[in-house]
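Report on one structure; see the data block that follows.
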Number of protein chains: 2
Amino acid sequence: MHFTGLVKTIKERREALHVTQETIAELSGVGLRTLKQFESGKGNPTLLTLQKLLDVLGMEVCLKIKDLTSNQ
Amino acid sequence: MHFTGLVKTIKERREALHVTQETIAELSGVGLRTLKQFESGKGNPTLLTLQKLLDVLGMEVCLKIKDLTSNQ
DNA sequence: CTGTAAAGTGCATTATATGGCATTATTTTA
DNA sequence: TAAAATAATGCCATATAATGCACTTTACAG
């Protein structure tokens with residue numbers, strides 16, 4: 001999953017929960033500015049920042065072997 | 001998956017491939033110092049750094065809904 | 001053991017993520 | 001369509017990730 005996909009997934013998850021960026025920022029402890037920057041596809045969050053956001057959204061990072069059939 | 005788990009998985013993957021940190025650093029474009037720091041459990045890599053490393057290891061980040069049954 | 005390769009660490013510098021504040025743009029709602 | 005809520009962006013200070021270099025420690029082959 002590329003950066004763009006991660007952003008999209010997280011943003012969609014937040015919207016599905018009907019929660020504002022401000023709320024997520026408060027609950028996660030991540031700065032509102034940082035969250036906005038991330039959701040608008042800018043920036044390069046640290047793993048910790050990403051995990052804080054995911055945590056509040058009831059999600060987590062996982063690793064998988066790249067799917068060779070869907071290369072490129 | 002928590003930070004510790006990510007580190008462990010990545011390190012084990014690298015070792016399973018019989019590749020040195022130096023090689024991964026060169027192939028990924030991530031500084032050797034950064035990789036060392038990461039594998040020794042220190043630091044807080046950016047998503048980009050993480051993805052560069054995973055890429056070389058044939059892996060990728062994915063997101064999943066947290067498993068409630070395995071809480072704590 | 002001994003030498004060598006691989007991994008870990010201290011220090012300094014540079015690049016950049018974080019985050020607050022004010023302002024603007026966009027979306028939603030009444 | 002006006003007002004209110006949400007989201008995006010510029011400016012900017014601070015914290016810290018990224019990285020190179022030199023050196024130490026650990027692992028391993030001979």
Side-chain angles (χ1 to χ4, degrees), chain A residues 1-68 71-72, chain B residues 1-68 71-72:
Chain A
M1 198 175 216
H2 289 298
F3 182 73
T4 309
L6 295 178
V7 170
K8 190 158 174 284
T9 301
I10 290 176
K11 182 166 186 168
E12 284 174 359
R13 171 80 173 168
R14 178 180 64 77
E15 288 170 342
L17 296 174
H18 300 293
V19 188
T20 66
Q21 291 177 335
E22 197 165 349
T23 301
I24 296 295
E26 281 165 7
L27 294 178
S28 67
V30 169
L32 180 57
R33 188 61 222 274
T34 301
L35 174 53
K36 285 181 182 305
Q37 209 149 357
F38 174 67
E39 278 199 8
S40 58
K42 293 150 193 168
N44 173 29
T46 63
L47 184 53
L48 187 58
T49 293
L50 186 62
Q51 288 182 321
K52 282 182 187 169
L53 294 175
L54 291 174
D55 209 51
V56 167
L57 294 169
M59 305 180 82
E60 62 181 339
V61 172
C62 64
L63 301 181
K64 55 176 266 188
I65 304 295
K66 245 185 288 185
D67 183 358
L68 299 176
N71 261 353
Q72 265 37 264
Chain B
M1 200 174 214
H2 288 298
F3 182 73
T4 308
L6 294 178
V7 170
K8 189 158 175 284
T9 301
I10 290 176
K11 182 166 188 169
E12 285 175 358
R13 170 80 171 168
R14 178 180 64 75
E15 289 169 342
L17 296 173
H18 300 293
V19 188
T20 65
Q21 291 178 335
E22 198 165 348
T23 301
I24 296 294
E26 282 165 5
L27 293 178
S28 67
V30 169
L32 179 56
R33 188 62 222 272
T34 302
L35 174 52
K36 285 180 181 303
Q37 207 149 354
F38 174 67
E39 278 200 7
S40 60
K42 293 150 195 167
N44 173 29
T46 63
L47 184 54
L48 187 57
T49 294
L50 187 63
Q51 288 182 321
K52 282 181 185 169
L53 295 175
L54 291 174
D55 209 52
V56 167
L57 294 169
M59 305 180 82
E60 63 181 341
V61 172
C62 64
L63 301 181
K64 56 176 266 188
I65 304 294
K66 246 185 289 185
D67 183 359
L68 299 177
N71 262 352
Q72 265 33 265

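Letters A, B, ... mirror the listed sequences (proteins, then strands); counts begin at 1.
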Can you tell me how far [atom2] of [N] sits from [atom1] of [X], to the nearest Å?
X: Leu53(A); N: dG19(C); atom1: CG; atom2: C1'; value: 13 Å
X: Phe3(B); N: dA17(D); atom1: CZ; atom2: P; value: 10 Å
X: Leu48(B); N: dA17(D); atom1: CG; atom2: P; value: 15 Å
X: Ile24(A); N: dA8(D); atom1: CD1; atom2: P; value: 14 Å
X: Leu32(B); N: dC21(D); atom1: CG; atom2: C1'; value: 11 Å
X: His18(B); N: dA6(C); atom1: NE2; atom2: P; value: 13 Å
X: Leu35(B); N: dA18(D); atom1: CG; atom2: C1'; value: 12 Å
X: Leu47(B); N: dA17(C); atom1: CG; atom2: P; value: 11 Å

Counting heavy atoms from C-beta on, name the nucleotide in [options] closest to the side chain of [X].
X: Arg14(B); options: dA7(C), dT9(D), dT18(C); answer: dA7(C)
X: Thr34(A); options: dA17(C), dA18(D), dT18(C); answer: dT18(C)
X: Lys36(B); options: dT19(D), dT18(C), dA7(C); answer: dA7(C)
X: Val30(A); options: dT19(D), dA17(D), dG19(C); answer: dG19(C)
X: Thr46(B); options: dT18(C), dA7(D), dA17(D); answer: dA17(D)

OP1 or OP2 of [N] less than 4.0 angstrom from a side-chain nitrogen or oxygen of [X], does that happen here?
X: Thr20(A); N: dT6(D); answer: no
X: Lys11(B); N: dG8(C); answer: yes
X: Gln21(B); N: dA5(C); answer: no
X: Thr49(A); N: dA17(C); answer: no

When rounded to the nearest 0.5 Å, the distance separating CG of Asn44(A) from OG1 of Thr46(B) is 4.0 Å

With Arg14(B), which of Val56(B), Ile24(B), Thr9(B) fulfils side-chain contact (heavy atoms from CB on, under 4.5 Å)?
Ile24(B)

Do the side-chain N and O atoms of Glu39(A) and Gln21(A) include a donor-acceptor pair separated by under 3.5 angstrom?
yes

Taking atom types as they are modelled, would you say the side chain of Arg33(B) forms a donor-acceptor pair with the base of dG8(C) within the 3.5 Å cutoff?
no

Are side-chain heavy atoms of Arg13(B) and Leu63(A) found at a separation under 4.5 Å?
no

Quick check: do Leu54(A) and Lys66(B) have side-chain heavy atoms less than 4.5 Å from each other?
no

So what does Gln37(B) touch, heavy atoms closer than 4.0 Å: a base, only the sugar-phosphate, or nothing?
base

So what does Gly41(A) touch, heavy atoms closer than 4.0 Å: a base, only the sugar-phosphate, or nothing?
nothing

